[in-house]
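Residue numbers start at 1 and run along the sequence shown. Values reported hereafter were calculated over all heavy atoms of this structure, with side chains retained and with hydrogens, waters and symmetry mates removed.
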Amino acid sequence: MTSTRRTTKKTETFTDEERAAMKERAQELRTSARRSSRADKAAEEEAAVVAKIAEMQDSDRVMAERIHAVVKESAPDLAPKLWYGMPAYAKDGKVVCFFQSAQKFNARYATFGFNDKANLDEGTMWPTAFALTKLTAADEARIGELVKRAAG
């Protein structure tokens, strides 16, 4: 007996913003491969993150600057780096957390998120990203605690 199964090919395309992010990631990898010493690499990565933050629109830039300071203070072991054109913070080369500006993907809010390298496991379900419209002192304290835990 022969099976006659119809298959449909679904064509998925990337948005312009997603394609741009992938191109940025490819450039980040090429740039990283050209760097010489570990200290030079770390300094250049942080400078690239600071430059990317400076390019952001005002409200996102202010939040990204504060998050950069909070992450550096809370988890000095995390290394700033660009990841798909976003400020990110890595441990042993693996991204632990990142900031995504609202303008990056034409979103309504900025996002601060964690990757699976983050040690935030709590039961069977836990948050991995947070929407941000502004940062309060309480928000900064919470982010600092989460980053410490994530980096641990």
In one Ile/Leu/Val/Met/Phe/Trp/Tyr side-chain cluster, 4.5 Å: F130, V95: no
Ionic contact status for E17 with K104, cut-off 4.0 Å: no
Side chain proximity check, D60 to I53, heavy atoms < 4.5 angstrom: no
Side chain to side chain, K52 and M86, heavy atoms closer than 4.5 Å: no
Shortest non-hydrogen contact from G93 toward A90: C-CB, 4.0 Å
Face-on cation placement of R25 at Y84 ring, 6.0 Å and 45° thresholds: yes
SB check D139 R142 (cutoff 4.0 Å): no
R149 with E145: basic N within carboxylate O range, under 4.0 Å: no
Donor-acceptor contact present, side-chain K91 to main-chain A151, <3.5 Å: yes
Validation row, ring centre H68 to ring centre F99 under 6.0 Å: no
Beyond-backbone contact of E45 with P80, side-chain heavy atoms, under 4.5 angstrom: no
Within-4.5 Å side-chain heavy-atom neighbours: F105 and E18: yes
Pairwise side-chain contact, F112 with V71, heavy-atom cut-off 4.5 Å (strictly under): yes
Donor-acceptor under 3.5 Å (R19 side chain, F14 main chain): yes
same_hphob_cluster(L82, V147) at 4.5 Å side-chain heavy-atom cutoff: yes
Carboxylate-amine/guanidinium proximity below 4.0 Å for K41 and E44: no
Heavy-atom side-chain contact between V70 and L135 under 4.5 Å: no
Plane angle bin for F98 and W83 - parallel if under 30°, tilted between 30 and 60°, otherwise perpendicular: tilted
N115 side-chain N/O to V96 backbone N/O, donor-acceptor pair under 3.5 Å: no
Ion pair check, E46 and K81, cut-off under 4.0 Å: no
Backbone N/O of Q57 and side chain of Q103: donor-acceptor pair under 3.5 Å: yes
